[in-house]
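In what follows, chains are A, B, ... by sequence order, proteins preceding strands, each numbered from 1.
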There are 2 protein chains.
Amino acid sequence: MNKDKIQEQNTLCRSRILGIKDTTDVLSGKWKIFILGSLLVMGKMRFMELLNTIDGIGRKMLAKELDDLEINGLISRTELKTKPLTVVYELTELGKTLKNLINEVIEWGEKYRDHSLKQFHNP
Amino acid sequence: MNKDKIQEQNTLCRSRILGIKDTTDVLSGKWKIFILGSLLVMGKMRFMELLNTIDGIGRKMLAKELDDLEINGLISRTELKTKPLTVVYELTELGKTLKNLINEVIEWGEKYRDHSLKQFHNP
DNA sequence: CAGGATCCTTTACGATACTG
DNA sequence: CAGTATCGTAAAGGATCCTG
């Protein structure tokens with residue numbers, strides 16, 4: 001019945017929800033966290049390496065997500081002036097600040113994959 | 001040039017990538033993490049409370065995401081047999097194991113919201 | 001090799017009205 | 001109140017071909 005307490009809790013909740021929004025805005029889309037996770041483990045990677053490592057992604061989506069991530073300063077893109085063009089991507093310092101978050105995602109998945117198995121892509 | 005090393009690293013990468021997939025399968029969709037975050041802060045919440053707390057979500061999506069989360073055992077749904085029906089949602093034990101992950105998401109957003117401001121929902 | 005352009009399909013998402 | 005039903009739009013995603 002303490003309405004002040006409820007109000008206070010609601011304000012706290014909204015503020016934290018904003019944190020979630022800020023993060024998910026940057027990580028929006030199905031593939032960004034996969035790209036970041038790959039770069040976190042592998043260091044520098046080329047376009048084709050990412051395409052082969054991340055199961056299910058296509059060229060178009062990979063290109064788009066890489067664009068988004070570069071615009072937001074999470075990864076860097078470097079062209080090496082070789083005969084057939086070579087491009088390497090890697091995490092920036094800002095991108096590396098996501099290390100803990102990504103590791104949490106990975107570890108939760110590894111720990112609890114047997115508990116909750118349903119995907120929602122079924123008929 | 002050490003192909004074994006590269007191969008080994010690639011295997012490690014794929015295994016970790018799988019962890020990401022397991023987690024994102026369960027957290028798929030735009031709103032699940034908002035619902036979980038709200039319940040983490042607020043404890044038990046009713047349908048309308050969630051609808052009012054999570055900015056931008058609609059009834060349809062809220063209902064669907066709550067369904068998904070319940071199916072995967074992350075939240076519980078309890079009907080109180082009151083005259084106008086009352087339903088409360090809360091995190092299950094399994095749902096509470098996401099606490100660290102969600103806190104990482106919240107904290108990263110709070111820390112780095114000024115670094116990367118672009119959203120991708122613009123013309 | 002690293003992507004852009006194009007076309008097309010599917011899914012996600014949203015607004016509103018309605019029901020037990 | 002707690003949802004479902006219905007309809008409609010926008011975005012995601014995929015296949016293929018093309019270019020520096």
A.B. asks: Restricting to non-hydrogen atoms, name the atom on A:I33 and the atom on A:V105 that form the minimum distance, rounded to 0.1 Å.
C.D. replies: CD1-CG2, 3.9 Å
A.B. asks: How long is the line joining CG of A:L62 and P of D:dG13, in whole Å?
C.D. replies: 12 Å
A.B. asks: Do B:N103 and B:L40 have side chains that approach each other closer than 4.5 Å (heavy atoms only, starting at C-beta)?
C.D. replies: yes
A.B. asks: Shorter than 3.5 Å, N or O on both sides, protein versus nucleotides 14-20 of chain D: list them out with atom names.
C.D. replies:
| residue | atom | partner | partner atom | Å |
| --- | --- | --- | --- | --- |
| D:dG14 | O6 | A:K60 | NZ | 2.3 |

A.B. asks: Nearest-Å distance, CD1 (B:I75) to P (D:dA2)?
C.D. replies: 13 Å
A.B. asks: When the distance from CG of B:D68 to C1' of C:dC13 is rounded to whole Å, what number comes out?
C.D. replies: 14 Å
A.B. asks: Given atom CG of B:L66 and atom C1' of D:dG3, what is their separation to the nearest angstrom?
C.D. replies: 10 Å
A.B. asks: Should B:Y89 be listed as having a side-chain N or O under 4.0 Å from OP1 or OP2 of D:dC1?
C.D. replies: no
A.B. asks: Rounding to an integer number of Å, can you tell me how far B:F47 CZ sits from C:dG20 C1'?
C.D. replies: 15 Å
A.B. asks: At under 4.0 Å, does any side-chain N or O of B:R46 touch on OP1 or OP2 of D:dA2?
C.D. replies: yes
A.B. asks: Separation of A:K44 atom NZ from C:dA2 atom P, in whole Å?
C.D. replies: 15 Å
A.B. asks: Please tell me if the side chains of B:Y112 and A:V26 come closer than 4.5 Å, counting only heavy atoms from C-beta onward.
C.D. replies: no
A.B. asks: Can you confirm whether B:L18 sits close enough to A:D55 that some side-chain heavy atom of one is under 4.5 Å from a side-chain heavy atom of the other?
C.D. replies: no
A.B. asks: Donor-acceptor pair, distance only, cut-off 3.5 Å: does the side chain of B:K32 make one with the backbone of B:S28?
C.D. replies: yes
A.B. asks: Please name all residues satisfying salt bridge (Lys or Arg N to Asp or Glu O under 4.0 Å) with A:E93, sequence neighbours left out, ordered by chain then number.
C.D. replies: A:K96
A.B. asks: To the nearest Å, how far apart are A:E65 CD and D:dA11 C1'?
C.D. replies: 12 Å
A.B. asks: Got a donor-acceptor contact below 3.5 angstrom from the B:T92 side chain to the B:G73 backbone?
C.D. replies: yes
A.B. asks: Looking only at the side chain of A:A63 (C-beta and beyond, no hydrogens), which of the listed nucleotides D:dA2, C:dC1, C:dG4 gets closest?
C.D. replies: C:dG4
A.B. asks: Atom CD of A:E79 and atom P of C:dG3: how far apart are they, to the nearest Å?
C.D. replies: 7 Å
